[in-house]
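A short write-up of the structure that comes next.
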2 protein chains.
Amino acid sequence: MLEFDHGLRLHRLMEKLKESPADTVWILQPENRRYLSGFRATDMQMTESSGSLLIREDRRVLVTDSRYGEEAKREAPLFEVQVPAEGLLGRLPGLLAEMGCRVVGFEPDWVTWNLYQRVREKIDGLSPPVRLEPLEGIVEGLREVKDAQELRAVEESARLMGRVLDEVVEDLRPGMTERAVARRIENLAWEAGAEGLAFPPIVASGPNGALPHAVPTQRPLKVGEAIVLDVGLKLHGYCCDMTRTVFLDGPDELFRKIYRTVREAQLAAMAEIRDGVLSTLPDAVARDIIREAGFGAYFGHALGHGVGLAAHERPRMAPRDAVTLKSGAVVTVEPGIYIPGKGGVRLEEMVVVEPDGARVLTHAGHVYDF
Amino acid sequence: MLEFDHGLRLHRLMEKLKESPADTVWILQPENRRYLSGFRATDMQMTESSGSLLIREDRRVLVTDSRYGEEAKREAPLFEVQVPAEGLLGRLPGLLAEMGCRVVGFEPDWVTWNLYQRVREKIDGLSPPVRLEPLEGIVEGLREVKDAQELRAVEESARLMGRVLDEVVEDLRPGMTERAVARRIENLAWEAGAEGLAFPPIVASGPNGALPHAVPTQRPLKVGEAIVLDVGLKLHGYCCDMTRTVFLDGPDELFRKIYRTVREAQLAAMAEIRDGVLSTLPDAVARDIIREAGFGAYFGHALGHGVGLAAHERPRMAPRDAVTLKSGAVVTVEPGIYIPGKGGVRLEEMVVVEPDGARVLTHAGHVYDF
């Protein structure tokens with residue numbers, strides 16, 4: 001079992017908090033919550049929070065409900081766990097007053113309009129006054145750069161997934177349905193010891209491969225068609241994400257050209273990744289290659305995204321919203337070409353940004369050299 | 001394949017809209033989106049929307065991105081599908097102006113604080129002016145009462161789950177791990193034709209049963225202990241939800257008493273459910289029985305919740321927030337008693353509210369008459 005240093009993470013959070021007007025951080029986003037506390041509960045939906053962290057320099061409280069009280073105490077030893085009968089909203093005014101909070105920083109991408117209004121109503125009467133302050137991405141920013149333990153977790157996650165994917169690809173046969181293949185991926189991942197999947201597997205054959213986020217169907221695999229397999233699992237809480245496109249028997253001329261183009265774009269993009277590079281550069285390099293090959297209209301999505309406790313997190317590599325890639329960030333590189341009605345090819349590696357380049361963490365086979 | 005009447009749903013939405021200041025509805029919550037349009041895409045997380053509906057009396061637009069354009073056209077024929085390169089936020093000012101919208105109703109439980117601010121900035125300059133108006137639960141309110149097709153979907157979903165659960169329970173043996181049992185439930189559900197699970201199965205044995213939302217572990221099942229199995233799948237988009245607590249060999253005296261108490265509470269609560277009853281009544285009846293048996297401190301959660309496109313939806317049956325139960329609503333009745341360190345018993349049926357009572361939709365066996 002890997003041990004994560006929640007104390008250090010909390011210390012870094014407090015350092016960042018000093019740059020903001022807030023004296024307290026209120027966290028409810030599940031991955032942010034787990035990152036800071038170790039509390040593993042997930043949320044079934046936005047309106048069903050499993051708990052909130054309230055963090056000040058001198059006090060850390062995890063407010064949850066009777067469903068999760070026991071887990072919280074076991075998993076989050078750095079926090080004082082409270083299970084108020086009146087719920088978070090009922091408890092909040094008293095707790096904030098007790099803690100001496102004046103400016104409570106919240107997660108503006110995760111607090112809904114309604115929850116914001118309700119909390120504001122609850123704290124409106126407090127004296128001395130308490131106000132809310134959006135802290136955009138304060139924890140997501142910390143999560144963006146992985147430490148050695150986290151890199152080990154992501155790497156082990158990818159290694160396990162790669163072994164499963166290899167086994168699945170080697171056993172692919174014409175007539176198997178996409179859905180059966182997806183089930184096999186999930187079962188092998190569990191058997192291999194995964195905590196779960198990072199996302200439902202995509203198994204998209206023939207024309208279904210033209211849908212970048214296809215849901216596996218009862219369609220049987222056929223010889224000659226492109227089969228896109230996009231898979232990820234969770235281990236030690238950390239996700240991995242990888243995609244292979246395979247053929248039962250070789251592709252036709254068109255798909256051979258498409259595959260070559262996607263692979264060339266991927267390798268060129270990976271060659272640009274290193275500490276200090278803007279996130280838009282690898283995307284532009286991949287996009288240019290695909291456009292020059294005549295497939296510019298068929299690559300609509302971003303080149304890649306960060307991976308960690310969440311399958312999609314910072315940094316994003318896309319044509320817009322440039323950010324600087326930092327050593328220790330883990331990103332996917334996943335160009336694709338999707339021809340409506342015919343099919344698609346996507347290739348995805350997960351890499352860690354290093355001072356001098358990108359180190360590939362995904363080692364499944366079945367990358368063709370057409 | 002069941003056919004759902006999206007036209008009628010949209011008509012009802014427009015009727016409800018007349019009671020509000022808004023002339024347009026903006027929908028992004030995945031189940032609300034599917035309910036109104038048929039578009040089945042889910043959202044990976046709050047910050048990754050698969051699409052928005054913009055609905056006026058005279059025009060219906062589904063704005064999505066290149067990942068989902070093809071599916072959207074096929075699944076949502078009543079909508080004009082747009083895939084703007086500039087994204088929803090970029091497209092919104094032009095689209096709202098084109099549609100002649102003045103007051104855009106939004107989902108306050110699903111629009112984040114950040115998204116609200118961004119949309120407001122985008123539309124701030126428009127002339128004539130456009131403003132945002134929260135429409136609390138406008139679609140959730142429609143979803144609360146199921147029509148005949150929806151009831152058929154929920155019923156078929158529950159029937160399939162019941163068959164799977166029976167098969168799993170009959171094969172339980174000492175030494176099997178919770179996790180292996182959970183995997184078997186999931187595999188049998190898929191094999192039986194489920195669209196997927198409604199939520200990850202809970203298989204909680206011995207002391208783990210004291211955690212109402214336990215995650216299955218490698219703990220082997222043991223003779224004499226209570227084993228809680230809480231399971232649900234999706235069929236035709238609709239969820240089901242049911243729980244059995246079983247014993248390999250009989251329970252001891254304490255758990256026999258606990259089981260009897262929970263079952264008595266469940267039956268008494270179900271007997272109170274009918275059209276027009278307040279949602280707090282069945283909860284109070286169950287809670288009283290559990291308290292009188294001396295276990296009041298060990299039943300912390302609500303009695304039940306609505307089930308439909310989401311595993312948890314309206315109406316909720318809890319000690320507070322009374323709502324009137326309506327014919328056609330589908331709710332769970334799931335009292336439980338959880339003794340820390342020892343284990344728990346939860347029993348859950350899913351019922352449809354009818355004019356004269358509750359009709360049980362879940363028919364798995366293994367309900368003991370100790």
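Keep in mind that the numbers below use all heavy atoms, side chains included, and drop hydrogens, waters and symmetry copies. Letters A, B, ... are given to chains in the order of the sequence lines, protein chains preceding strands, and every chain is numbered from 1.
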For [X], is it the side chain, the backbone, both, or neither that has a heavy atom closer than 4.5 Å to a heavy atom of chain A?
{"X": "Glu48(B)", "value": "side chain"}
{"X": "Ala41(B)", "value": "neither"}
{"X": "Tyr68(B)", "value": "side chain"}
{"X": "Ala180(B)", "value": "neither"}
{"X": "Asp65(B)", "value": "neither"}
{"X": "Arg184(B)", "value": "neither"}
{"X": "Arg40(B)", "value": "neither"}
{"X": "Glu136(B)", "value": "side chain"}

Would you say Gln45(A)'s side chain and His312(B)'s backbone share a donor-acceptor pair under 3.5 angstrom? yes
Return yes if some donor-acceptor pair links the side-chain N/O of Arg179(B) with the main-chain N/O of Trp190(A) below 3.5 Å, else return no. yes
Heavy-atom distances under 4.5 Å only: say whether Tyr338(A) touches chain B with side chain, backbone, both or neither. neither
Is it the backbone or the side chain of Glu191(A) that comes under 4.5 Å from a heavy atom of chain B, or both, or neither? neither
With a 4.5 Å cut-off on side-chain heavy atoms, are Trp113(B) and Trp110(A) touching? no
[atom1] of [X]: more than 12 outside heavy atoms within 6.0 angstrom?
{"X": "Arg320(A)", "atom1": "CZ", "result": "no"}
{"X": "Arg143(B)", "atom1": "CZ", "result": "yes"}
{"X": "Arg316(A)", "atom1": "CZ", "result": "no"}
{"X": "Phe295(B)", "atom1": "CZ", "result": "yes"}
{"X": "Arg131(A)", "atom1": "CZ", "result": "yes"}

Greatest number of non-hydrogen atom pairs under 4.5 angstrom with chain A, of Gly300(B), Pro108(B), Ala85(B), Gly69(B), falls to Pro108(B)
Take Arg67(A) and Leu211(B) through the side chain to side chain contact (heavy atoms under 4.5 Å, CB included) test and state the conclusion after the steps. CA-CA 6 Å; Arg67(A) 298 170 303 167; Leu211(B) 310 173; over 6 Å; no
Please identify, among Gln29(A), Arg183(A), His213(A), the residue contributing the most non-hydrogen atom pairs under 4.5 Å to chain B. Arg183(A)
Any idea which heavy atoms bring [X] and [Y] closest together, and the distance?
{"X": "Glu186(A)", "Y": "Glu186(B)", "result": "OE2-OE2, 2.8 Å"}
{"X": "Asn114(B)", "Y": "Asp109(A)", "result": "ND2-OD1, 3.0 Å"}
{"X": "Met44(B)", "Y": "Ala311(A)", "result": "CE-CB, 3.3 Å"}

Picking from Pro212(B), Pro207(B), Pro340(B), what satisfies side-chain contact (heavy atoms from CB on, under 4.5 Å) with Glu70(A)? Pro340(B)
Begin from the C-alpha positions of Asn187(A) and Asn187(B) and carry the test side chain to side chain contact (heavy atoms under 4.5 Å, CB included) through to its verdict. CA-CA 8 Å; Asn187(A) 281 316; Asn187(B) 281 316; 2.7 Å; yes
